[in-house]
Amino acid sequence: MAKLWLLSTGLVCLAWIINENISPKKPPFVNWDASLYFTHDSEEGLWLLPNVSLGYPEPGTLYPSNILLPTTKEEIVHMVKSALVPTSNDVRAIDRRHKIKVIGSGHSWSRVAVSDDLQMSLNNYKGLVSINRELHQVTVRGGTTFNELNRILDDNGLAMSVLGSISEQTVAGAISTGTHGTGITFGNYASMVTRLELVTGKGDILFLSANENPEIFKAAGVSIGLLGVISEVTFQCEPAFNLREVLYNMKLSDCLKEMADTAQRSEHVKWWVEIHSDVCAVFEINRTTEAPRDNPNHQVETILNYGFENICNIVSWIPSSTHAMFKLMFTYLVPTPPHDRVDKSYLVFNIPHYFPIHYEGEIVVSVEDCPATVMEVHRLVHEEGLLLNYVVEVRVVKGDDMWLSPNYQRDSCHLTMCIYNPTIKRRLNYYKKLYEAVAKFNPRFHWGKYFDLTPADMEKMYPRFKDFLKIRSQLDPSGLFLNEQLAGTFGLKHLL
Ligand SMILES: Cc1cc2nc3c(=O)[nH]c(=O)nc-3n(C[C@H](O)[C@H](O)[C@H](O)COP(=O)(O)OP(=O)(O)OC[C@H]3O[C@@H](n4cnc5c(N)ncnc54)[C@H](O)[C@@H]3O)c2cc1C
């Protein structure tokens with residue numbers, strides 16, 4: 001009996017220790033709407049808050065103390081102004097003001113959207129504001145997702161000129177990180193914005209466009225939430241159109257030789273480079289007047305459904321098998337005959353299939369340096385054992401004039417560098433090695449993916465960095481919209 005009692009007490013203690021030390025701490029505050037961020041959509045699976053839900057919660061993952069869910073513009077202003085007033089109830093120092101970080105759909109792998117204080121979500125502030133059918137412009141509230149926007153546009157005979165791989169992001173969140181699709185004559189999402197409405201860190205409402213506060217407009221286009229809460233966005237769209245996507249495989253060496261021509265020839269093109277087997281899947285996407293048609297043999301579906309995730313799983317547990325397994329899969333298992341499909345534009349831009357959960361970083365170099373950068377990755381994998389256990393996605397984006405855009409004044413090539421199921425140590429080593437090796441190509445980095453930048457790096461990469469800092473200090477003097485990662489990157493730790 002005594003033994004049984006001892007055993008059960010021991011088990012209870014063990015359960016308590018595990019619960020205290022391993023399971024994430026629940027936030028201590030009321031009004032925490034965990035379901036907003038932690039629900040797991042079994043169909044979509046992947047499209048959740050990466051920092052806490054994509055399978056790699058980091059030690060010290062931030063939990064907001066409270067979530068703000070405004071339903072009107074007036075409430076956004078009120079919440080911002082209230083956060084500026086230090087309160088005696090504040091659990092921290094009495095003279096300490098709050099911080100607010102706005103989160104969109106939480107799809108950034110970097111920590112630009114997370115907060116350990118007030119997390120504002122515009123989940124209750126979304127939807128259509130107005131449509132100008134003559135100019136093909138649409139204005140929506142900041143919390144609208146692209147899935148919602150695509151439907152609004154479709155119902156009105158309009159479409160976005162280009163989209164990325166998914167449409168789960170919010171419009172405000174996606175423009176804030178420089179999210180993009182592909183096409184050498186197509187800029188990123190922020191470059192399709194004609195007007196923004198911003199609630200600043202002082203609680204003022206500003207309208208920004210090429211004619212209203214034009215300098216602030218260029219600073220705010222890609223601003224990672226640092227200048228205020230983007231409450232409304234106007235996009236330049238165009239009449240709805242269909243796209244035809246043709247997908248075929250090539251040898252990597254031929255693919256790199258033809259890269260510049262392919263980018264010119266097709267409106268939209270992306271390459272999935274499989275470095276281990278030297279095979280490259282090329283997606284050429286162009287407008288068509290053909291009607292949508294199904295293609296059940298779509299190659300991406302085959303890759304994803306019948307093998308890719310299993311291969312990723314095996315190699316993540318046995319890293320030494322990576323090269324052999326990927327070579328096997330991409331040399332023998334992936335079907336080679338070209339496929340094509342035709343559909344409404346947004347259904348072709350977005351990848352229509354479940355994709356195994358992974359972690360991403362993204363290198364942005366000039367279009368001219370693209371083949372050499374791919375070959376540098378090739379060298380790292382083959383000669384230095386870089387643990388690449390995914391395909392490398394390569395896309396092209398037209399240059400723009402937004403001060404913190406990774407595409408600032410440069411037609412760019414983006415290399416999306418993924419890693420599947422990494423330990424934190426493995427992931428950090430991977431990006432360190434990779435980013436050091438490509439430093440000679442003067443890279444910039446996607447704001448929504450892994451980056452580790454200092455103010456000195458920022459000054460080198462972004463010629464208008466200091467001007468951005470000036471505008472930031474005017475619009476948000478108390479650093480209301482800062483968090484740990486952004487304060488470090490922008491040299492503003494004194495404002496935390
Ligand atoms: C599966 C997957 C696929 C992806 N595909 C692509 C792709 O094809 N192309 C690409 O370029 N990127 C891609 N990304 C990256 C993604 O598009 C960006 O990280 C994007 O910013 C996420 O949008 P979000 O709404 O989730 O914003 P969040 O990640 O929540 O926030 C991003 C930034 O925006 C700020 N922000 C959010 N809302 C507001 C607001 N209302 N006002 C002011 N600031 C705000 C946040 O504070 C934060 O700094 C992908 C990510 C995932 C997980």
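For ligands, and for the atoms within them, numbers begin at 1 and follow the listed sequence. None of the values given here were measured: they were computed from a predicted structure.
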Item to complete: Answer with side chain, backbone, both or neither: which part of Glu168 has a heavy atom less than 4.0 angstrom from an atom of ligand 1?
Response: neither
Worksheet item: Hey, is Lys270 close enough to Glu284 for a salt bridge, meaning N to O under 4.0 Å?
Response: no
Practice prompt. Check Thr177 against ligand 1 and report side chain, backbone, both or neither, counting heavy atoms closer than 4.0 Å.
Written response: side chain
Fill in: Contact check: Ile224 vs ligand 1, nitrogen or oxygen atoms, below 3.5 angstrom
yes
Discussion item. Tell me the nearest of Phe146, Trp447, Trp109, Tyr189 to atom 53 (C) of ligand 1, using heavy-atom distances.
Written reply: Trp109
Practice prompt. Tell me which one of Val102, Val112, Ile351 gets a heavy atom nearest to atom 39 (C) of ligand 1.
Written response: Val102
Discussion item. As a check for students: among Gly173, Gly228, Gly448, identify the option with a heavy atom nearest to atom 43 (C) of ligand 1.
Written reply: Gly228
Worksheet item: Of all the heavy atoms in Glu360, does at least one lie under 4.0 Å from an atom in ligand 1?
Response: no
Discussion item. Taking 4.0 Å as the limit for heavy-atom contacts, which would you say applies to His446 with ligand 1: side chain only, backbone only, both, or neither?
Written reply: side chain
Discussion item. For the aromatic rings, using the six-membered ring if either is Trp, is the centroid distance between Tyr189 and Phe146 under 6.0 Å?
Written reply: yes
Worksheet item: Has the side chain of Ser231 got a donor or acceptor atom that lies under 3.5 Å from a matching backbone atom of Glu197?
Response: yes
Discussion item. I need the contact type for Leu122 against ligand 1. Using non-hydrogen atoms and a strict under-4.0 Å cut-off, is it side chain, backbone, both or neither?
Written reply: side chain
Worksheet item: For atom 5 (N) of ligand 1, which candidate among Ile76, Leu198, Ile166 provides the closest heavy atom?
Response: Ile166
Worksheet item: Do any nitrogen or oxygen atoms of Ile230 lie less than 3.5 angstrom from nitrogen or oxygen atoms of ligand 1?
Response: yes
Worksheet item: Is there a heavy atom in Gly164 that sits closer than 4.0 Å to ligand 1?
Response: yes
